[in-house]
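Per chain, numbering begins at 1; letters A, B, ... match sequence-line order. Values below: all heavy atoms of this structure, side chains included; hydrogens, waters and symmetry mates excluded.
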2 protein chains.
Amino acid sequence: MPTPLPISAYVVLGLLRRHDGATPYELDQRIRQSIGYFWVFPRSQLYAEADRLVRRGLIAERQENDGRRRRTLSLTAEGHDELHRWLATPTGAVMEIHDEGLLRLFFQDPGDAGAATSMTRLAQEQIEAHEGRLAEYDELVASGRLRPGSPQRATLEVGLRLQRMMIGFWREVAAEPPHEL
Amino acid sequence: MPTPLPISAYVVLGLLRRHDGATPYELDQRIRQSIGYFWVFPRSQLYAEADRLVRRGLIAERQENDGRRRRTLSLTAEGHDELHRWLATPTGAVMEIHDEGLLRLFFQDPGDAGAATSMTRLAQEQIEAHEGRLAEYDELVASGRLRPGSPQRATLEVGLRLQRMMIGFWREVAAEPPHEL
DNA sequence: GTTCAGATGTTCCAATCTGTAATATTGAGG
DNA sequence: CCTCAATATTACAGATTGGAACATCTGAAC
């Protein structure tokens with residue numbers, strides 16, 4: 001490989017292994033209800049990523065030349081190999097988080113007028129947001145689409161624990177907002 | 001405000017409230033051992049963000065015209081107001097996660113030769129990475145720089161719980177790697 | 001069978017962001 | 001005074017972002 005592929009490339013390769021012949025659009029939908037939970041990824045990026053992978057010969061593309069002009073993608077042998085190589089490669093990468101709610105909490109100054117109110121409201125919003133997420137995950141589990149003991153079920157387990165943890169945290173904040181500077 | 005400010009703008013404003021007269025470089029250092037844990041933010045972005053905020057009149061800048069040419073930043077009254085407004089504004093934003101380790105786990109196929117080995121190794125790497133993070137956080141707590149009951153201590157608490165949760169998760173994976181498809 | 005809303009699907013784009021390298025200064029230690 | 005590490009800013013090519021624009025298909029209701 002000349003330059004190493006971005007992670008999003010592996011997301012495409014990984015999904016294609018299971019869903020050969022999918023369109024970028026379809027991949028986007030799958031991402032949004034699985035991987036999207038721990039790897040955000042805007043739709044437009046998928047089309048760009050597909051182009052790049054085609055250029056590198058890791059996937060093959062067939063585009064309808066009328067109608068919806070669907071682009072159906074499939075792994076090449078090289079793509080399959082590259083995916084395997086990646087899956088077997090060590091990574092020192094650490095989880096990265098973006099949480100606007102925590103940021104707002106961080107910057108609160110308990111000395112400000114209304115800070116306690118702001119924090120309580122913030123906590124309530126965040127509880128709702130995380131409960132919403134948790135409900136989605138629970139639904140996914142209940143749907144039975146994930147085999148117990150599968151890697152997909154395992155990653156979802158992280159999602160469940162994470163959401164529960166965050167709900168617990170924000171409940172504590174709501175009950176007793178930070179008061180010290 | 002014409003267009004809403006990006007979150008990173010509020011990071012700058014929020015830090016400046018506590019550290020008036022800081023340089024972008026100094027802000028970067030502070031970010032890397034506090035907010036950076038839940039809001040990633042490359043250094044170069046800070047300089048660009050400072051420019052933007054100056055243009056909008058939310059911060060004032062004084063640059064030394066010799067030596068290190070330090071740019072010292074401080075909040076204007078408008079900047080202060082904007083920060084306050086933001087802190088008091090509701091947000092529906094949900095936490096976003098980027099975790100390459102989980103991604104690799106997600107894409108494992110227990111049918112592949114060596115999958116169990118890959119997963120065990122992955123789990124071990126991740127345990128180390130998360131333990132490293134946890135150690136940093138513990139150190140921060142031990143340093144006594146964060147008052148108990150402060151918003152900053154509260155957000156760090158999330159970091160602690162998160163890392164412990166992830167360590168627990170990966171230990172389970174190491175002990176019994178997913179085996180089902 | 002027509003119509004319409006909503007889902008499917010791709011393309012385009014300006015603005016922004018990213019990572020990294022280049023440049024220069026200062027301070028500490030030998 | 002020399003050197004190394006830390007401090008500090010600038011520059012910038014390439015990638016990414018989010019959204020809007022565009023077009024097609026499906027199915028339900030009438």
Side-chain angles (χ1 to χ4, degrees), chain A residues 1-12 15-16 19 21-33 35-36 39-56 59 61-74 92-94 96 98 100, chain B residues 1-12 15-16 19 21-33 35-36 39-56 59 61-74 91-94 96-98 100:
Chain A
M1 277 308 112
T3 21
L5 294 169
I7 311 293
S8 45
Y10 296 103
V11 173
V12 172
L15 283 174
L16 281 179
H19 307 287
T23 65
Y25 186 86
E26 191 184 335
L27 294 183
D28 176 58
Q29 295 193 310
R30 290 192 182 281
I31 286 170
R32 274 194 270 165
Q33 50 178 295
I35 304 160
W39 199 272
V40 290
F41 202 138
R43 195 217 312 293
S44 56
Q45 178 65 3
L46 270 171
Y47 288 90
E49 200 54 66
D51 287 344
R52 193 159 24 217
L53 289 171
V54 168
R55 258 182 277 124
R56 293 206 184 209
I59 64 177
E61 182 186 45
R62 258 199 51 237
Q63 180 158 29
E64 298 176 347
N65 42 19
D66 58 345
R68 294 195 193 175
R69 302 177 38 76
R70 277 199 200 88
R71 293 165 65 177
T72 55
L73 311 174
S74 50
V94 207
E96 259 180 34
H98 281 233
E100 194 183 323
Chain B
M1 275 310 110
T3 20
L5 295 168
I7 310 293
S8 44
Y10 295 104
V11 173
V12 172
L15 283 173
L16 281 179
H19 307 287
T23 65
Y25 186 85
E26 193 185 333
L27 294 183
D28 176 57
Q29 296 192 309
R30 289 191 183 282
I31 286 170
R32 275 194 270 166
Q33 51 179 295
I35 303 161
W39 199 273
V40 289
F41 202 136
R43 194 213 315 291
S44 56
Q45 178 65 2
L46 270 171
Y47 288 90
E49 200 55 65
D51 288 342
R52 193 160 24 216
L53 289 170
V54 169
R55 259 183 276 124
R56 294 204 183 209
I59 64 177
E61 182 185 44
R62 260 199 50 237
Q63 182 158 26
E64 297 175 348
N65 42 21
D66 57 343
R68 294 195 192 176
R69 302 176 41 74
R70 280 198 197 85
R71 294 164 63 175
T72 55
L73 312 174
S74 51
T91 172
V94 208
E96 262 179 31
I97 289 181
H98 281 233
E100 193 183 324

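Taking only side-chain nitrogens and oxygens, A/Tyr25 never comes nearer than 4.0 Å to OP1 or OP2 of C/dT10. Taking only side-chain nitrogens and oxygens, B/Arg52 never comes nearer than 4.0 Å to OP1 or OP2 of C/dA15.
Set against D/dG18, D/dT9, C/dG19, the side chain of A/Pro42 has D/dG18 as its closest nucleotide. Comparing D/dG18, C/dT16, C/dG9 against the side chain of A/Ser44 picks out D/dG18 as the nearest. Of the candidate nucleotides D/dT10, C/dT11, D/dT16, D/dT10 has the atom nearest to the side chain of B/Arg69. Comparing atom distances between the A/Arg70 side chain and each of C/dG9, C/dC17, D/dT9 picks out C/dG9 as nearest.
Rounded to an integer number of Å, the gap from B/Gln29 CD to D/dT9 P is 10 Å. Computed from coordinates, the B/Ile7 CD1 to D/dG18 C1' distance equals 14 Å when rounded to whole Å. When the P atom of C/dT8 is taken as reference, atom CD of A/Glu64 falls 15 Å away, rounded to whole Å. In this structure, CZ of B/Phe41 is placed 14 Å from P of C/dT16, rounded to the nearest angstrom. Distance A/Arg71 CZ to C/dC12 C1': 13 Å, rounded to the nearest Å. Per the geometry, NE2 belonging to B/His98 stands 11 Å off C1' belonging to D/dT16, to the nearest Å. Distance CD (A/Gln63) to C1' (C/dG9): 10 Å, rounded to an integer number of Å. The distance between atom CD of B/Gln45 and atom P of C/dT20, rounded to the nearest whole Å, is 16 Å.
Across all strands, B/Arg43 comes closer than 4.0 Å to base atoms (heavy-atom distances).
A/Arg55 and A/Asp51 are not joined by a salt bridge, as no carboxylate oxygen comes within less than 4.0 angstrom of a charged side-chain nitrogen.
Residue A/Gln45 comes nearest to A/Arg52 through the heavy atom pair NE2-NH2, 3.7 Å, listed as atom of the first residue, atom of the second, then distance. Here the closest heavy-atom approach between residue A/Trp39 and residue B/Glu100 is recorded as CZ3-N, 3.6 Å. Scanning both residues, B/Ala50 and B/Leu73, for their nearest heavy atoms gives CB-CD1, 4.1 Å.
Of the inter-residue distances, the one linking A/Thr72 atom OG1 with A/Glu64 atom CD reads 7.5 Å to the nearest 0.5 angstrom.
Checked by distance alone, A/Thr23 brings no side-chain donor or acceptor within 3.5 Å of a matching partner on the base of C/dG9.
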